[in-house]
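Data first, discussion second: the structure below is written as structure tokens.
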Number of protein chains: 2
Amino acid sequence: MGALPGFGWRIGYLVWFLLDWGRLVSDLTLEDIAKKAGVSRSTVSRVVNDHPNVREDVRERVKEVIQSTGYQPHAAARSLASQHSWMVGLVLPRNVSSFFTDPYFPRLTQGIAQACNQHNYTLSLFLIGTKEDEEKIYPRVSRKGLLDGVLLQSDQIGDQLADQLIRSNIPLVIIGRPFSNKNVSYIDVDNTNSAFIAVSHLIRLGYKRIGTITGVPTRTVSLDRQEGYIKALIERGRDIDESLIVEGDFTEAGGYYAMQRMLPHKPDAVFAGSDTMALGAMRAVRETGLRVPEDIAFVGFDDLPLATLPEPRLTTMRQPVYQFGIKAVEILLDVIENGITPPRRVIMETELIIRDSCGASRRR
Amino acid sequence: MGALPGFGWRIGYLVWFLLDWGRLVSDLTLEDIAKKAGVSRSTVSRVVNDHPNVREDVRERVKEVIQSTGYQPHAAARSLASQHSWMVGLVLPRNVSSFFTDPYFPRLTQGIAQACNQHNYTLSLFLIGTKEDEEKIYPRVSRKGLLDGVLLQSDQIGDQLADQLIRSNIPLVIIGRPFSNKNVSYIDVDNTNSAFIAVSHLIRLGYKRIGTITGVPTRTVSLDRQEGYIKALIERGRDIDESLIVEGDFTEAGGYYAMQRMLPHKPDAVFAGSDTMALGAMRAVRETGLRVPEDIAFVGFDDLPLATLPEPRLTTMRQPVYQFGIKAVEILLDVIENGITPPRRVIMETELIIRDSCGASRRR
DNA sequence: CCAAAACCTGGAAGCGCTCCCAACCGCTAT
DNA sequence: ATAGCGGTTGGGAGCGCTTCCAGGTTTTGG
């Protein structure tokens with residue numbers, strides 16, 4: 001360039017020309033629209049943002065220009081000037097390896113995405129895959145000027161990210177019951193009580209040796225459901241047989257192996273901490289030649305679509321997962337738009353769906 | 001305010017003070033860092049962006065200040081100035097109602113998210129839920145200054161969004177084979193050939209009446225796999241029996257009902273267009289008292305984790321779904337960073353995984 | 001030892017928008 | 001006629017960053 005200043009200048013001019021041409025074709029700015037409509041930048045901005053105090057005919061005229069040019073405000077510029085990005089983040093933790101195994105997360109994500117669409121927010125997805133991701137996640141999520149708020153699936157014990165986000169003061173809603181009962185908004189079902197109901201149902205049907213397959217012990221959801229199981233037994237004066245409490249990991253395979261471990265202890269009914277595990281467990285039962293529910297009855301948790309498919313159809317606690325997502329977004333947006341309020345706790349309703357696997361129809 | 005100008009002024013002052021205090025605590029700007037480090041804004045910017053041409057001791061000093069203050073550049077400001085957002089969008093279409101039924105999409109999403117993490121891009125997720133979403137999606141995705149590029153799952157026939165995005169000139173990679181063979185980059189497996197191989201495998205095992213359960217006919221993936229099925233039969237001089245070609249919809253239930261329709265026509269083997277459908281179909285077979293693979297053999301497509309679980313374990317075409325996601329991101333970033341190049345087509349390898357459901361071990 | 005080249009640094013002009021403020025308009029009420 | 005009042009409008013100062021450019025400093029080679 002230095003050697004050919006004239007040439008460099010020409011190149012520069014050409015580039016300018018191309019850029020400018022590009023701008024005219026598709027990258028119009030507020031200023032351009034203003035010029036075309038014969039008003040000022042401010043007025044166009046008011047029209048775009050539906051402010052009152054614009055004369056009706058002016059508003060029409062500007063809207064027409066916007067229509068005909070296909071003008072769209074520049075997202076980054078708007079974010080910078082307004083300090084508001086209209087984006088929320090969804091963070092799903094690492095040990096949700098079940099992300100693609102258990103339909104729970106896709107379903108949740110769908111609800112969240114749906115609500116974001118409705119409210120015209122953009123959803124960013126942060127899936128933590130590796131250990132390194134986990135270390136870099138906080139700066140990424142909390143980066144200034146990126147997100148207006150974050151949804152965090154977190155019922156892990158000792159979740160550092162949750163702590164960091166709480167301290168960072170970014171609007172936050174946690175999905176699931178956080179382990180240390182901090183000053184956060186969260187949304188969950190009453191897992192303990194739901195499990196209580198499920199197990200009580202089995203007791204009422206007359207089963208004597210009721211086992212449970214729990215989730216990973218590092219999540220409150222597992223703990224809570226196990227607690228509900230124990231409470232239900234104790235309330236009816238039953239003893240707790242530790243050999244009937246086995247650990248799964250919320251996967252089909254986990255349920256399968258857990259059941260294999262439980263079988264020698266002769267359960268006559270099982271409360272599984274998730275439908276996916278129930279399915280695995282029933283497979284294990286079937287393989288030994290025993291029948292569900294005649295020999296071993298089952299109650300699951302979630303009410304996934306696939307719970308209704310196999311024979312016998314699964315009796316299960318229905319969680320409104322999709323509504324979960326919707327509601328979580330609504331709470332978050334409320335916090336974003338109306339400022340920090342006392343933390344909300346929303347507990348959503350569950351419902352026992354009685355089908356075949358619990359043997360209810362057979363026993364009465 | 002007008003009535004109490006003095007008060008208004010004081011409020012203003014207070015607000016200024018609070019804002020400024022907030023800034024000092026957590027919302028530092030480049031300028032602040034520059035001041036603290038005794039250099040100019042430009043120099044700090046260079047350090048942050050790893051530009052060369054900064055003296056080593058200066059770089060160190062600035063980095064220290066950044067470390068100790070926890071400074072983070074403002075995402076929106078950076079995007080505005082650099083015309084680069086470091087965000088990519090993933091758009092999943094509406095008729096992927098199977099999003100939460102078929103683990104394919106979660107798995108794909110995971111791969112994509114993983115790659116985004118690796119390259120320090122932020123992923124935005126656009127799930128199209130309703131008809132209205134579909135209408136509003138294009139402006140949302142193409143909004144200026146929001147995304148650097150988009151990944152679109154699109155093998156739907158007549159996908160308008162694909163057309164619009166192609167015309168918009170935003171860097172784009174399509175996941176799946178687009179129906180009208182446009183000038184786009186896309187990534188897919190060779191569905192036709194893969195199906196050909198799967199069906200040839202059944203033929204080789206000696207089955208005479210081989211049926212197929214197809215996906216929805218509005219997606220190229222269904223068409224391609226069906227075509228492979230037909231080609232394989234024709235190549236071996238078999239007749240095509242239309243009653244053995246039934247339509248599913250990529251869901252378990254769809255496979256189940258499809259199989260019920262096919263059963264009266266006495267197939268002795270079935271190639272299912274997806275593992276999920278194969279599972280449903282095998283359930284239908286089991287219910288009639290027939291056995292897999294003794295009475296009817298099965299080959300699926302996808303190699304989902306759950307394909308290995310039930311007895312008999314499913315013989316299937318393995319697709320590298322996760323790698324799909326990774327690769328798609330890599331192509332997209334290449335387009336983003338190196339400008340428009342001739343469209344890339346990447347066809348990924350599949351692999352026939354022989355297990356029990358095809359009866360291979362039994363027949364030889 | 002000096003000129004040229006290479007390297008470093010700060011200033012300033014944006015990126016495209018929001019929003020405050022002052023000015024202006026056409027009325028009504030005095 | 002004129003002050004006063006909403007409603008409406010344009011100008012301008014940012015938002016926090018990147019990047020070009022010019023000037024200053026150091027290094028290099030003859």
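Chain letters run A, B, ... following the sequence lines, proteins first, then strands; residues in each count from 1.
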Report yes if a side-chain nitrogen or oxygen of [X] is closer than 4.0 Å to either non-bridging phosphate oxygen (OP1 or OP2) of [N]; otherwise report no.
X	N	value
A:Arg78	C:dG16	no
B:Gln83	C:dG14	no
B:Ser45	D:dC17	no
B:Arg46	C:dC8	no
A:Ser40	D:dT9	no
B:Tyr71	D:dC17	yes
B:Asn53	C:dC8	yes

query: For A:Val48, which contact category applies under a 4.0 Å heavy-atom criterion: base, sugar-phosphate, or nothing?
result: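 Since no nucleic acid heavy atom lies under 4.0 Å of A:Val48, the category is nothing.
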
- Query: With a 4.0 Å cut-off on heavy atoms, is A:Ser42 in touch with a base, just the backbone sugar-phosphate, or nothing at all?
  - Reply: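 Counting heavy atoms under 4.0 Å across all strands, the contact made by A:Ser42 includes a base.
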
Exercise for the section: Please say which of B:Leu332, B:Leu90, B:Val88, B:Val141 ends up in a side chain to side chain contact (heavy atoms under 4.5 Å, CB included) with B:Val150. Expected result: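 So the option named by the test is B:Val141.
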
**Asked** Which residue lies toward the 5' end of DNA chain D, A:Arg41 or A:Pro52, if each is placed at its nearest nucleotide?
**Response**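 The answer here is A:Pro52.
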
Note to self: For B:Arg344, is there any backbone N or O sitting under 3.5 Å from a side-chain donor or acceptor partner on B:Ser185?
What the structure shows: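 Yes; judged by distance alone, with no hydrogens or angles, the pair exists.
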
(Q) Donor-acceptor check, side chain of A:Asp133 to backbone of A:Gly129, threshold 3.5 angstrom: yes or no? (A)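 Side chain of A:Asp133 to backbone of A:Gly129, a donor-acceptor pair under 3.5 Å: yes, one is there.
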
Nucleotide of [options] approaching [X] most closely (side-chain heavy atoms):
X	options	value
A:Thr43	D:dC17, D:dT9, C:dT9	D:dT9
B:Ala77	D:dC17, C:dC17, C:dT9	D:dC17
A:Thr29	D:dC17, D:dC15, C:dC17	C:dC17

Taking the side chain as every heavy atom from C-beta outward, state whether [X] and [Y] have any pair of such atoms under 4.5 Å apart.
X	Y	answer
B:Arg78	B:Val48	yes
B:Ile166	B:Asn183	no
B:Ile175	B:Leu152	no

Let me know the distance between [atom1] of [X] and [atom2] of [N], rounded to the nearest Å.
X	N	atom1	atom2	value
A:Leu28	C:dC17	CG	P	9 Å
A:Ile33	D:dG10	CD1	C1'	17 Å
A:His74	C:dT18	NE2	C1'	15 Å
B:Asp57	D:dT25	CG	P	16 Å
B:Glu31	D:dG14	CD	P	13 Å
B:Arg143	C:dG16	CZ	C1'	13 Å
A:His51	C:dC17	NE2	P	14 Å
B:Leu30	C:dA12	CG	C1'	15 Å

